[in-house]
Structure formats: structure tokens, C-alpha cells
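This report concerns only the one structure given below.
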Amino acid sequence: MKTYRQNTLTIKNILIVTYLITLFSGCYRYPEFDDISYNEYRRVIGSEGGTINFYRNYDNDSIKDIAVKMEFPENAVNSLIVFNMYEFYDNVTNNDLYTNLNTEQLSDFLYFVPFYESEGYKAVLTDSSDINSLIQKHTSINFNTPVTVTYYNNFNVEIPDSAKLYKIKIPAENEWGEENNVWVKYNYQGYPDGYDDIDLIYLIDGKWTENIDWGTGNLSLYNWEEVANYSFDLTNQSVTFEINSTDNMYIIAVIN
Amino acid sequence: MFKRLLPISIGLLLLSISSYGQFLHFGLKTFMMPKIYMAFFDYDETDYVYYFSNDYNETIRFSGLEESETKSKYPSPDIYVRYNNRNHLFFQAELFSMRFTNEAKYKNSVDFSKYTEIFNPFNKRDNLGYNTIKLNWAFTGTTIFAGYLFSKTKALRPYVFLGATTLYLMRLDQGKFYNDERQLRNDIIFSNLSTFKKTTLYVTGGFGFQYKAFSFDAYYRNTIADADIYANNYYENTSNISLTNRPNYDYFDSVNISISLNILSFNISKNKLKDY
């Protein structure tokens, strides 16, 4: 008669299975999540106030490397606003300022392009295939209370004692007439990429003022005005000042 | 009605389990997921946007997970214990692990040429998180199911089964690919994607074939409960939902194929047979 050898449920076998299960479970670690706050790294502000720090992109997105700090008191704005910050530089303009207007440029031209978060750029994104159809004028936002701005200069020159902070007028929508507006330019993704370069250059070099049509004037510093209250921090190579609206560019310069 | 059906079905189940022809098998199994359906909740486009305050005013707008590339490339290990009652009915409990990678997609407001010029000037990296972030997932899981074997006289026996699975999220992290210049920005994006529940529940059903100690099967795992920590926020307040505590994952389903082998088998009705 043929006999069959059957396995039995012994302690040894149970131990083997238990060992396998233990080994299997021990191969993984529990997840660990970083707790990094988006609030520290976003450029949106509301009526509750707060700070926007614009960071420079180089050097590992270092959180310590702030380009511009904006400090909003409570109720400075009425609703959620997104700020874009731009530093404009044009080599030819820099040369014109130096050679023809005896002006030494010591920083980029700083300005802000705001928009209401509720409006966003939905219209842009839903029809981004036709970027040419996207036109938007400079958005003028007046703050209820002044906003403190600290600008950390990106130029590799020390700020001399003779340097001053100037603001250059950006006309509010239709302020200089319906045909005289500063226009937003867009990149290939259909997002704003600052204001039109030529508009900015003509405002800087005075070829466009409230009395002179776009691009028809002579070189001058007509649109330049020294900021009323500001303070330089020579240790950090920064300047702190207050702004009441988004209708100006700012520059550190020496006018001889 | 359900209250009456439950005891009746349990009674029928107990009646069907006799003392004869009972086997206990311990085995090894490996499975793959040819298709993984991990879906995001749908939001209005304007809602799910990161406005980063870097000097390129980078704006990230989420569009979801990359489904086309979501599959498990590696065979996953699985150990199981199977209880066979007579020739047809069986119950199985499994413990397994699995891992896979997928990519969350987004739109970047910065032009690609400008982005690469800044972060990838020597073109050494693929796209450095320009419009995707890679997610590495690892789970362990348990499955319990009941199955029914057909054709008891054949060597190749088809079967169907249905049961429940619990998945435990063991690891979720970014692809190592991005650990460089964009770390801060990527961490923020990732931290808002870390909303998958540690424990999630599924129903698992499928069919297969048994040949001697081998089994081959295909099955579908379907999410039956919320997969996201903040899922309630989506259902309660879809129109006005903030970026924090925002649910991301709607469901996580998968198609699986597996092969298994009984390693140790025990006839636990042996003592009963001796009585006759």
C-alpha cells in the first residue's frame, strides 16, 4: 500500500512563517513629510496684511537671499492681490543715462505688476494659443496705508554717500489719455512678463511724459523724482522706503 | 433586509465548511500592476495655483497626475496563507508590498528656454521639475478574500475570488532627480501633495487558474473609501477651497496580474480521516 508523507503544522514551520512576515514588514520605513509653509514663499497678500519676500533664484533658491521685501500693514489692500516683481535693466539706456544725462545707475529699475487673485490669468490660460490677442494695461493699485519696501541691491557696487532713491512715474490706466498707456507683455506661456520694454525706456529717458507723446521727446530726467522718505542700509546694500501705489519704478542712482 | 441576509449567509458558509478535505497552504506570490489609476480631484483651473515669490514670478498650475506612465515596473512580493475547504471553496489572506512611481503634472508660467537657461544651462538634467514632479510610492498591504474553484476533475482549474484589501502607505517622497537647485520650491509643491491617507480600503476581485501548486490570476483593486486625508473638504466646499488642507487624490485603482506558488501545504483534516 502506498503511503503519503504529510506536512504537519509544527512550531518550526510557524516560526519560519512568522520570521518571513517580520522580515517583510521591516523592509520599509514610515513616511516622513517635510513641513514647509507655502505662506513663506508666495507672493499673495490680503487684507490681513503680512510680508512678501521675493527670493533670488540662484544659489539653491536660498530662503536667506531676499531680493525685495514688501511689508503690508493690516487693511493696506482690500482683497487678495498677487504681486509680480520685476527688475528692469537695459544696456543702451544705462549708457544714455551716463553719457548724456550725467546719471550713474546703481541698481535695476524696480517695479511691481499686481493683479487680483480672483481674476487670475484664467482668460490667458484658456486661450493661450493666441498670445497676440492678450492685451492688458498697467494695473494701478492704491494702498489704503503705505507699504514698506526693502530693496536689496543686485549691483556689485557699493552705494556711495551721494546716492539717492528716485521714483519714475508709470501712468495709471488712461491717466495720460486712452492712447497713452503702459502695456503688459506676455511670454510664450501666456503669462505676464513685465511691462513693454520700450514703454519703460521712454519713461526712464524722458521721451514720453504727461506732456510729450510717446517716444517723441528728448532725453531728460523729467519723470524722475526723489523719493520723500527712504533709508539706505550700507551693510546689507539695501534701501527701505514706503510706497502708496504701484504707479512707479524705483532706482538707486547718482545724478551729477 | 440586510440584517436577515447576513446571518443566513454566515450560516450557509459554516454549513459549507465541513471537517473533510481541509488544506492549509503557505505560499509566495509575485504581482505586477500593468495599469494604475490614481486620479486627482477636479478643480477649477484658477483654484489650484502656486504663486512663488522668486525673481521669475514663477506660477505653477496643477493639472493632475500623469496617467499614461503610471504602472508598476517591478514585480512585487507577496506571502499568503490559503485555506482550502473540500474542492471548491477557499479563503486566502495575503501580506504584500508594492512600489511604483508616477508624475504629477503642472503648467509653469516661465518659458522653458528661460527656465533651462537659469537652472540647467549645460543641459545636464532632463527638465529639473519644469512641469512635473516625480512621486515615489511604497505600500504594504493585506488582502483577505474568498474564492471558488471550478472543474474539480481537471488539472487546470479556473477560479473567481472577491475580497477586501487594506493598503498602508509606507513611503511617499520625491524622485531623487530633483534634489538640487529647486529643492525649496519642489518641497513646497510636494508638501501639498502629501495628503494620501496612511490607510486606505479597497475591494479586490478577479479570476485565475490553478495548476497543481501554481496559480495565475488577474484582478482589479477598487477604492471603496476616501483616499485623501482631506477628502471631506472637497465634498463639503468645492467652490471655495484653500490651498492648505486641500484634498488631492480622488481614488487609487489598479489592474494586477500575479503568479503564486504553494510552498508549504498541510492537510488539517488528517485527524478526522484517521477516525474512519
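What you see is a predicted model, and the numbers here were worked out from it, not measured in a lab. Letters A, B, ... mirror the listed sequences (proteins, then strands); counts begin at 1.
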OH of Y55(A) to CG of N54(B), rounded to nearest 0.5 Å, is 10.5 Å

Do you know the tightest heavy-atom contact between [X] and [Y]?
| X | Y | value |
| --- | --- | --- |
| R56(A) | D55(B) | CA-OD2, 3.5 Å |
| D193(A) | K114(B) | OD1-NZ, 3.7 Å |
| R43(A) | S53(B) | CB-CB, 3.8 Å |
| F83(A) | N57(B) | O-OD1, 4.2 Å |
| D111(B) | N187(A) | OD2-CB, 3.2 Å |

Listed by chain and number, what are the salt bridge (charged side-chain N to carboxylate O under 4.0 Å, His left out) partners of D226(B), not counting sequence neighbours?
none

For the [atom1] atom on [X], are there more than 12 heavy atoms of other groups (residues, nucleotides or ligands in this structure) within a distance under 6.0 Å?
| X | atom1 | result |
| --- | --- | --- |
| I144(B) | CD1 | no |
| Y74(B) | OH | no |
| F155(A) | CZ | yes |

Hey, are the side chains of F52(B) and R42(A) touching, using non-hydrogen atoms and a 4.5 Å cut-off?
no

Over 60° means perpendicular and under 30° means parallel, so classify the ring planes of Y51(B) and F115(A), tilted if in between.
perpendicular

Assess, by modelled atom type and distance only, whether the side chains of R61(B) and Y191(A) contain a donor and an acceptor separated by less than 3.5 Å.
yes

Please state whether the side chain, the backbone, both or neither of V81(B) comes within less than 4.5 Å of a heavy atom of chain A.
neither

Qualifying residues under side chain to side chain contact (heavy atoms under 4.5 Å, CB included), relative to N87(B), sequence neighbours excluded
K152(B), R157(B)

